[in-house]
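To start, the structure itself, in structure tokens.
All values reported here derive from a predicted model rather than from experimental measurement. Just so it is clear: chains get the letters A, B, ... in the order the sequence lines come, proteins before strands, and each one is counted from 1.
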2 protein chains.
Amino acid sequence: MDMTTQIDASNDCAGVSSLLNRVGDKWTVQVVVALQDDARRFNEIKRRVAGISQQMLTRTLKSLERDGLVERCVRPTTPPQVEYRLTELGRSLSKPVKELAEWAISHRAAIRDNQVRYDTNR
Amino acid sequence: MDMTTQIDASNDCAGVSSLLNRVGDKWTVQVVVALQDDARRFNEIKRRVAGISQQMLTRTLKSLERDGLVERCVRPTTPPQVEYRLTELGRSLSKPVKELAEWAISHRAAIRDNQVRYDTNR
DNA sequence: CGGGATCCAGTAGGATACTG
DNA sequence: CAGTATCCTACTGGATCCCG
């Protein structure tokens, strides 16, 4: 990919922002990470994503499914089993997301310092 | 960067999510893009970011400044001139953001199709 | 020109109870 | 187990007016 590409604000940014808005909500990334290796069941995901409510997990999975990033697979047993797994599209998204994650992790301290400095000088 | 790195949901995701939440708000990316080449003045940015209100531009710039991603430079002329420019940290962020942007642009159509399909089967 | 101060609406997110 | 249904709160984003 050409890293020198200039992003055209007027044409592309709306779409990019909406994706970032989508993927930047409180839970989406954590759910995707919980699914990065294997397919998982509802409560399995819930256990892996600390602090999420059933409500928010349901909503998050549903919109991920709507975007085609996650596949839902129902097995009509009793009790019913529902498995979620990343689609190919979902896995492809996790690459750039991981890069952003790496950035966040390596600059987290610097940002915190900047914030503290800003807040105290204020 | 090692692309096989596994992200640890419990330890890293909160921080990553908060960054994504930060950078994924409605205007941040567009403002950063507007500043990618040169330092710009307030109304110059406002003109380049279609649809943003002064209020939201003010807030966005302020939190970018707080995070140390943008530098604010006041020139005490009359009328006053205020210039904003990306810091080194801000420029370093634009790399992973651009990758995400490229992803968004190249898969935008697929996602839209998935959404339409999901909504009609519903 | 570059904002600050208010006010207001819409939505994201959370708690809880209930269900097939 | 895997959700749905309500209700509520807080924050995001927008509009408007004012100021040095």
Which pair of heavy atoms, one from A:Leu35 and one from A:Tyr84, lies closest together, and at what distance? CD2-O, 3.4 Å
Atom-to-atom span, CD of A:Glu83 to C1' of D:dC1 - whole angstrom: 13 Å
Would you kindly compare B:Gln81 and A:Ser53 by the position of their nearest DNA chain C nucleotide and give the one closer to the 5′ end? B:Gln81
Between A:Arg47 (CZ) and D:dC1 (C1'), how many Å, whole number? 10 Å
Atom-pair distance (CG on B:Leu64; P on C:dG3), nearest Å: 13 Å
Using the side-chain heavy atoms of B:Phe42, tell me which of these nucleotides is nearest: D:dG3, C:dG3, D:dG13. C:dG3
Can you tell me how far C1' of D:dA10 sits from CG of B:Asn21, to the nearest Å? 14 Å
Are any of the side-chain nitrogens in B:Arg117 or B:Asp119 under 4.0 Å away from the carboxylate oxygens of its partner? no
Answer yes or no: does a side-chain N or O of B:Tyr84 lie under 4.0 Å from OP1 or OP2 of C:dC1? no
From D:dG13, D:dA5, C:dC1, pick the nucleotide closest to the side chain of A:Gln55? D:dA5
Ion pair present between B:Lys62 and B:Glu65, side-chain N to carboxylate O less than 4.0 angstrom? no
Side chain of B:Asp25 - closest among D:dG3, C:dG2, D:dG13: D:dG13
Can you check the B:Ile52 CD1 to C:dG3 C1' distance for me, whole Å? 13 Å
Under 4.0 Å between a Lys/Arg side-chain N and an Asp/Glu carboxylate O for B:Lys46 and B:Glu44? no
Side chain of A:Gln54, base of C:dA17: donor and acceptor closer than 3.5 Å? yes
Interatomic distance, B:Lys26 NZ vs C:dA12 C1' [rounded to whole Å]: 14 Å
Ignoring the backbone of A:Trp27, work out which of C:dC1, C:dG13, C:dG3 is nearest its side chain. C:dG13
Does any donor atom in the side chain of B:Asp25 or B:Thr28 lie under 3.5 Å from an acceptor atom in the other side chain? yes
Under a 4.5 Å cut-off applied to non-hydrogen side-chain atoms, are B:Arg72 and B:Val82 in contact? yes
Does A:Lys46 place a side-chain N or O at less than 4.0 Å from the phosphate oxygens OP1/OP2 of D:dA2? no
Classify A:Arg75 by what it touches in the nucleic acid, base, sugar-phosphate, or nothing, heavy-atom distance under 4.0 Å. nothing
To the nearest angstrom, how far is A:Glu44 atom CD from D:dC1 atom P? 11 Å
B:Gly51 or A:Lys62, whichever maps to the more 5' nucleotide of DNA chain D: A:Lys62
Proximal nucleotide (of C:dG14, D:dC1, D:dG13) relative to the A:Arg59 side chain: C:dG14
Do any side-chain nitrogens or oxygens of B:Arg41 fall under 4.0 Å of OP1 or OP2 in C:dC1? no
Atom CG of B:Leu57 to atom P of C:dC1: distance rounded to whole Å? 14 Å
Upstream residue (5' side of DNA chain C) when A:Gly24 and B:Thr58 are each assigned their closest nucleotide: B:Thr58
